[in-house]
Amino acid sequence: MARLSEHGIRLSSMSPSFLNSNSTSHTWPFSAVAELIDNALDPGVLAKQIWIDVFDEGDHLCLTFTDNGSGMTPNKLHKMLSFGFTEKGSGKASQQAIGVYGNGFKSGSMRLGRDALIFTKNGGCQTVGMLSQTYLENIKAQAVIVPIVPFNQQTNILHETIRHEK
């Protein structure tokens, strides 16, 4: 069933198969790795270190990227996990962002694996986002759904997302 706006207008959606198709823009896995590293180097992120690890979780190898940057608010994570949205390019010329199309994380992460879990914290809020082909297949989704769950770092109670938050 098509999603409708509050005014009853049919909204466009994106097929889950697009996640795999979009990942083919990276013909080489190392370009996908570079894409994820580049995000930690963007102005405003303030990461000084990046750690890349591989660990075995059951029958699956997991690749992790961790940085000591400033983290993202729930709204910034939502924008980062949305296709084509970016706030890059508004920085000073001396600190120009590397990517400006709002696609790098999605294409890079899906080139390296079928699922991406994002854990971030900013201020007193921790947020988890999930871009997952496995999840979409298991629920037989007709459109891409990206769950994003913010919660209070001290109480572990779900944090109400504020729409106008930057």
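Keep in mind the model is a prediction, meaning the values are calculated, not measured. Quick note: numbers below take in every heavy atom, side chains included, and nothing from hydrogens, waters or symmetry partners. Along the sequence shown, residues carry numbers from 1.
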Report task. Starting from the C-alpha separation in whole Å, work towards a yes-or-no answer on side chain to side chain contact (heavy atoms under 4.5 Å, CB included) for Leu36 and Ile50. Result -> CA-CA 10 Å; Leu36 300 178; Ile50 302 168; over 6 Å; no
Residue pairs passing the side chain to side chain donor-acceptor pair (under 3.5 Å) test with at least one member in residues 15-28, sequence neighbours excluded, are Ser15-Ser17, Asn22-Asn103, His26-Ser31, His26-Ser107
Value for CG (Leu131) from CG (Leu81), rounded to nearest 0.5 Å, stands at 6.0 Å
The reported gap from CZ in Phe105 to CD1 in Ile118 (rounded to nearest 0.5 angstrom) is 4.0 Å
Is any side-chain heavy atom of Asn122 closer than 4.5 Å to one of Met72? no
Considering only distance and modelled atom types, tabulate donor-acceptor pairs under 3.5 Å from the side chains of residues 146-158, sequence neighbours left out.
residue : atom : partner : partner atom : Å
Asn152  : OD1  : Gln154  : N            : 2.8
Asn152  : OD1  : Thr155  : N            : 3.0
Asn152  : OD1  : Thr155  : OG1          : 3.4
Thr155  : OG1  : Ile157  : N            : 3.3

Residues pairing under salt bridge (Lys or Arg N to Asp or Glu O under 4.0 Å) where one sits in residues 64-73, two or more places apart or in two chains, turn out to be none
Tightest non-hydrogen contact, residues Gly71 and Thr120, listed as CA-OG1, 3.3 Å
**Asked** Are Phe55 and Leu63 grouped together when hydrophobic residues (ILVMFWY) are joined by side-chain heavy atoms under 4.5 angstrom apart?
**Response** no
Looking only at heavy atoms, the pair that brings Leu112 and Ala32 closest together is CG-CB, 3.8 Å
Would you say that Val144 contacts Leu19 through its side chain, given a criterion of any heavy-atom pair below 4.5 Å between the two side chains?
yes
Taking a hydrophobic cluster as the set of Ile, Leu, Val, Met, Phe, Trp and Tyr residues connected by side-chain heavy atoms closer than 4.5 Å, whether directly or through intermediates, do Met80 and Leu46 fall within one such cluster?
no
Across all chains, not counting sequence neighbours, the salt bridge (Lys or Arg N to Asp or Glu O under 4.0 Å) partners of Arg114 are Glu137
d(Arg111 CZ, Phe30 CZ) to nearest 0.5 Å is 10.5 Å
Residues 11-29 vs salt bridge (Lys or Arg N to Asp or Glu O under 4.0 Å), sequence neighbours excluded, gives none
For Pro74 and Thr127, the nearest pair of non-hydrogen atoms, with its separation, is CG-OG1, 3.5 Å
Residue pairs meeting side chain to side chain donor-acceptor pair (under 3.5 Å), one or both in residues 47-65, sequence neighbours left out, come to none
Taken to the nearest 0.5 Å, the spacing of Ile145 CD1 from Ser132 OG works out to 11.0 Å
Do Val54 and Leu117 belong to the same hydrophobic cluster, where Ile, Leu, Val, Met, Phe, Trp and Tyr are linked whenever their side-chain heavy atoms lie under 4.5 Å apart, directly or via other members?
-> yes
Distance col, row Gln126:CD vs Leu77:CG, nearest 0.5 angstrom, shows 12.5 Å
When rounded to the nearest 0.5 Å, the distance separating CE of Met14 from CZ of Phe83 is 5.0 Å
